[in-house]
Amino acid sequence: MKLLPITVLISAALVAGCKQSGPPPLKPAAYGTQITEVSGGKQLAQVGSTLPQPLVLQVNGADGNPVTGALVSLHGDGLQFNPVQKLTDSSGQVTVEAQLGFNPGDYQVIAETPKSGGGSATLNLREIALGYEQAVGKAVNDQYCIRCHDPESTPERVSNLDNLSPAPHQFTDGGTLNRMSDADLTNMIAHGGPALGKSPQMPAYAATLKPAEIKAVLSYIRTVADPPYQTPGVKYGK
Ligand code: HEC
């Protein structure tokens with residue numbers, strides 16, 4: 001193998017360094033006072049994937065009207081955006097694609113627009129990444145649970161939720177489900193509502209689902225909870 005002269009290596013490194021600095025930052029042509037979500041928050045997608053829907057954000061002025069030419073910048077731990085900066089279009093909006101990182105769980109999108117007097121207006125959106133176990137749990141949910149636990153009907157499936165009394169909760173209902181322990185939820189999924197003194201309309205799945213599938217659907221329930229589920233007993237030092 002022939003060694004490259006050191007000058008070639010150095011200039012190659014310099015070119016690579018320049019490429020990483022990216023395009024120059026955009027300059028705003030106008031300023032707003034507020035940034036709002038049009039759509040794209042609270043999506044579920046596989047770890048590492050691009051969210052199925054783009055993020056659509058709008059900048060408004062003090063009069064509440066959309067502002068054209070305002071700068072929107074995006075950041076968030078573990079997230080990648082395309083593009084990371086954009087000026088709002090004639091309807092005051094930007095459309096941006098977001099890609100999730102490789103850890104399952106919550107991701108926070110932070111969108112920012114500078115204000116004319118200094119400082120900036122910000123907006124936080126939550127997105128959820130499903131790892132392997134949560135994806136298995138979602139498949140279990142889609143096959144067995146969703147017809148009773150989701151109020152929405154689709155062309156393929158009619159929701160049964162409104163026919164049930166007491167009505168089951170949506171798995172996103174963290175306000176209710178976060179208060180129930182893993183042990184109680186597992187027990188109820190395996191042995192049905194009566195195992196916890198609840199409605200027999202909640203079926204028992206111990207004969208249908210493997211323990212790993214019950215664990216997976218529980219993991220899915222914990223991951224989609226809104227507000228987010230906090231693992232009990234986890235204490236942070238000061
Ligand atoms: C035939 C309808 C039906 C199906 C299918 C069903 N459930 Fe339920 N589920 C219920 C009802 C009704 C309740 C409420 C029981 C009560 O509060 O007395 C319930 C309650 C629950 C609860 C307690 C929290 C709540 O919503 O009140 C969990 C957890 C749960 N179900 C998980 C599951 C899982 C996981 C599946 C799929 C593997 C599933 N359910 C499938 C009807 C159903």
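Whatever order the structure lists them in is the order used to number ligands and atoms, beginning at 1.
The side-chain hydrogen bond (donor to acceptor under 3.5 Å, both in side chains) pairs that include a residue from residues 204-217 are Glu133-Lys215, where partners are two or more places apart or lie in different chains.
Under a 4.0 Å criterion applied to the non-hydrogen atoms of Leu185, ligand 1 contributes the atoms 29 (C). Within ligand 1, counting atoms from 1 as listed, the ones closer than 4.0 Å to a heavy atom of Phe171 are 32 (C), 33 (C), 34 (C), 35 (C). The ligand atoms of ligand 1 that sit less than 4.0 angstrom from a heavy atom of Ser199 are 15 (C), 16 (C), 18 (O).
Only the side chain of Leu177 comes within 4.0 Å of ligand 1, judged by heavy-atom distances.
Given atom 2 (C) of ligand 1, the protein heavy atom at minimum distance is Cys148 SG, 1.9 Å. Considering only non-hydrogen protein atoms, atom 12 (C) of ligand 1 sits nearest to Pro166 O, 3.6 Å. Here the heavy atom of the protein found nearest to atom 42 (C) of ligand 1 is Gln201 O, 3.5 Å. The shortest contact between atom 25 (C) of ligand 1 and any protein heavy atom is with His169 ND1, 3.2 Å.
With Thr88 contributing its side chain and Gly69 its backbone, the two residues share a donor-acceptor pair below 3.5 Å.
Between Arg147 and ligand 1, no N or O atom pair is found at a separation short of 3.5 Å.
In terms of heavy-atom proximity, Ala70 sits nearest to Gly32 at CB-N, 4.5 Å.
Centred on atom 8 (Fe) of ligand 1, the NE2 atom of His149 and the SD atom of Met202 lie at an angle of 170°, reported to 10°.
Applying the under-4.5 Å side-chain rule to Ile, Leu, Val, Met, Phe, Trp and Tyr, the cluster around Leu26 extends to Leu71, Leu87.
In this structure the side chain of Leu57 reaches within 4.5 angstrom of the side chain of Leu125, judged on heavy atoms.
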